[in-house]
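The next block holds one structure in the form of structure tokens; read it before the comments.
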Amino acid sequence: MQKANIDWANIGFGYIPTDKRYVSNFKNGAWDEGILTSDDKVVISECAGVLQYAQTCFEGLKAYTTEDGKIVCFRPDLNAERMVDSCKRLEMPVFPVERFLDAVDKVVSANAAYVPPYGSGATLYIRPYMFGSSPVIGVKPAEEYQFRMFCTPVGPYFKGGVKPLTIRVSDFDRAAPHGTGHIKAGLNYAMSLYAIVDAHEQGYDENMYLDAATRTKVEETGGANFLFVTKDGKVVTPKSNSILPSITRRSLMYVAKEILGLEAEEREVYVDELKDMAECGLCGTAAVISPVGKIVDHGKEICLPAGMTEMGPVTKKLYDTLTGIQMGRLEAPKGWIHTIV
Ligand code: PLP
Ligand code: COI
């Protein structure tokens, strides 16, 4: 198969339209059978639920070309399940897990020319999403919905690839206790835009959000969970009901414990402890594991001993193992790799 004419090594995390996307509509209480289409435009009511009250959620996963030339996807079942949770919390109809998985296969197969080659440094990002498409003016759920899935080749989420990031402790909150931080609602991202633009203007790569109730505990960033490595080599990740249950983070905690034989713990992490950490990374589908070199807490600089030039040694081991599994260089735990082509 002829690959698309793309300079794979130099693309960033942006939108490059591909040939086909999947669309299914929910009407009269049922999903239609869904189609692949070349039409990248969405036509909905001016009063659609998504446009008035942000009734929308999304997912993000990636397809990879493995060392032996297959096209695979990483744990798509967990994205399908998390989307079910998001839909339920937003009073949207659930898109069945099997149909989500079938749509991933269809979209990736139809756009195989856009799956970056092995070793190129790029991957195919898949974006499933759903929104209320019928009119609502009183505050209530829409009656009709559209589920869509497109894909786009992407490079690293953060400019500079794996160069350690500088982040700041944010004065803005991302999620309230008992709110929507644990689901992938579009509204969580809309309200983070002010904070991210401000962070960038002040020279930071990202925000570290704290728990809104006490502002003493680390939550996550706008698009990734945190992983820390303590000075005695333990991998620690914040436990909270108001952060997104990252599939990458859950996978890395398993890799740390079961494959690398490290101690790994999910627990509350206090801002006061940050100065004692040896390494820090942001983990997620888009971020993979992006190392953090410096955390700035209201003028106080916390410099991670791992430094500003490269990933710390434990982060690097986690990164190499995870990407090794995703690219087919290392044996995957059962059920983690789904072969598409
Ligand atoms: N946290 C937030 C807020 C995110 O948007 C994402 C991305 O999906 C993650 C964490 C990482 O989750 P995952 O590893 O499932 O991509
Ligand atoms: C992902 O990692 O898939 C995400 O959705 C993060 C997003 C903010 C790009």
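Ligands are counted one by one from 1 in listed order, and the atoms in each one are counted from 1 as well.
Remark: the backbone N or O of T214 is not paired with any side-chain donor or acceptor of K217 at under 3.5 angstrom. With hydrogens and angles ignored, the 3.5 Å screen pairs a side-chain donor or acceptor of T221 with a backbone N or O of A224. Side-chain N or O atoms of E220 include one that pairs as donor or acceptor with a backbone N or O of L244 at under 3.5 Å.
For ligand 2 and F58, the ligand atoms under 4.0 Å from any heavy atom of the residue are 5 (O). In the vicinity of N225, heavy-atom distances shorter than 4.0 Å reach the ligand 1 atoms 1 (N), 10 (C). Numbered from 1 in the order shown, with element, the atoms of ligand 1 that lie under 4.0 Å from a heavy atom of Y189 read 2 (C), 3 (C), 4 (C), 5 (O). Here is the list of ligand 1 atoms found below 4.0 Å of a heavy atom in T285: 13 (P), 14 (O), 16 (O).
Scanning all protein heavy atoms for the shortest distance to atom 3 (O) of ligand 2 gives Y125 OH, 2.6 Å. Atom 5 (O) of ligand 2 has its closest protein heavy atom at K184 NZ, 2.7 Å. Nearest to atom 7 (C) of ligand 2 among the protein's heavy atoms is R127 NH2, 4.3 Å. The protein non-hydrogen atom at the shortest distance from atom 2 (C) of ligand 1 is E220 OE1, 3.4 Å. Given atom 9 (C) of ligand 2, the protein heavy atom at minimum distance is Y157 CE1, 3.7 Å. What sits closest to atom 6 (C) of ligand 2 on the protein, heavy atoms only, is G223 O, 3.7 Å. Among protein heavy atoms, atom 8 (O) of ligand 1 sits closest to K184 NZ, 2.8 Å.
Checked by atom type, the side-chain pair H338/D105 shows a donor-acceptor distance below 3.5 Å. Looking only at atom types and distance, the side chain of T65 has no donor-acceptor partner in the side chain of K70 under 3.5 Å away. Using modelled atom types, one finds no donor on one side chain facing an acceptor on the other under 3.5 Å when comparing Y209 with E219. Side-chain contact check for S251 and R75: at least one donor-acceptor pair (N or O, by modelled atom type) lies under 3.5 Å.
On a distance-only criterion, C283 and ligand 1 share no N/O pair closer than 3.5 Å. Annotation: T221 places no N or O atom under 3.5 Å from an N or O atom of ligand 1; distance criterion only. Considering backbone and side-chain N/O atoms, N79 never comes within less than 3.5 Å of an N/O atom of ligand 1. Between R174 and ligand 1, not a single N/O pair is under 3.5 Å apart. The shortest N or O to N or O distance between R249 and ligand 1 is not below 3.5 Å. Considering backbone and side-chain N/O of A286, one or more are found under 3.5 Å from N/O of ligand 2. For Y189, no nitrogen or oxygen atom sits less than 3.5 Å from a nitrogen or oxygen atom of ligand 2, counting backbone and side chain alike.
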I would like to know whether Y114 and D19 meet side chain to side chain donor-acceptor pair (under 3.5 Å); could you show each step before the answer?
CA-CA 9 Å; Y114 294 89; D19 292 341; 3.1 Å; yes
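For F147 and Y145, the ring centers are positioned 6.0 Å apart or more. Between Y125 and F13, the gap from one ring centroid to the other is short of 6.0 Å.
The cationic group of R148 does not satisfy the cation-pi geometry with F131, failing either the under 6.0 Å distance to the six-membered ring centre or the 45° limit from the ring axis.
In this comparison of G284, A286, G223, A287, the heavy atom closest to atom 6 (C) of ligand 1 sits on G223.
Heavy atoms of K62 found under 4.0 angstrom from ligand 2: none, in either backbone or side chain. Heavy atoms from both the backbone and the side chain of S246 come within less than 4.0 Å of ligand 1.
Residue K234 forms a salt bridge (Lys or Arg N to Asp or Glu O under 4.0 Å) with just one option from E273, E279, E266, E263, and that option is E263. Considering F58, Y22, Y15 as possible partners of F150, the one that fulfils the ring pair (Phe, Tyr, Trp, His ring centres under 6.0 Å) test is Y15.
The shell of residues lying under 4.0 angstrom from ligand 1, judged by heavy atoms, excludes E59.
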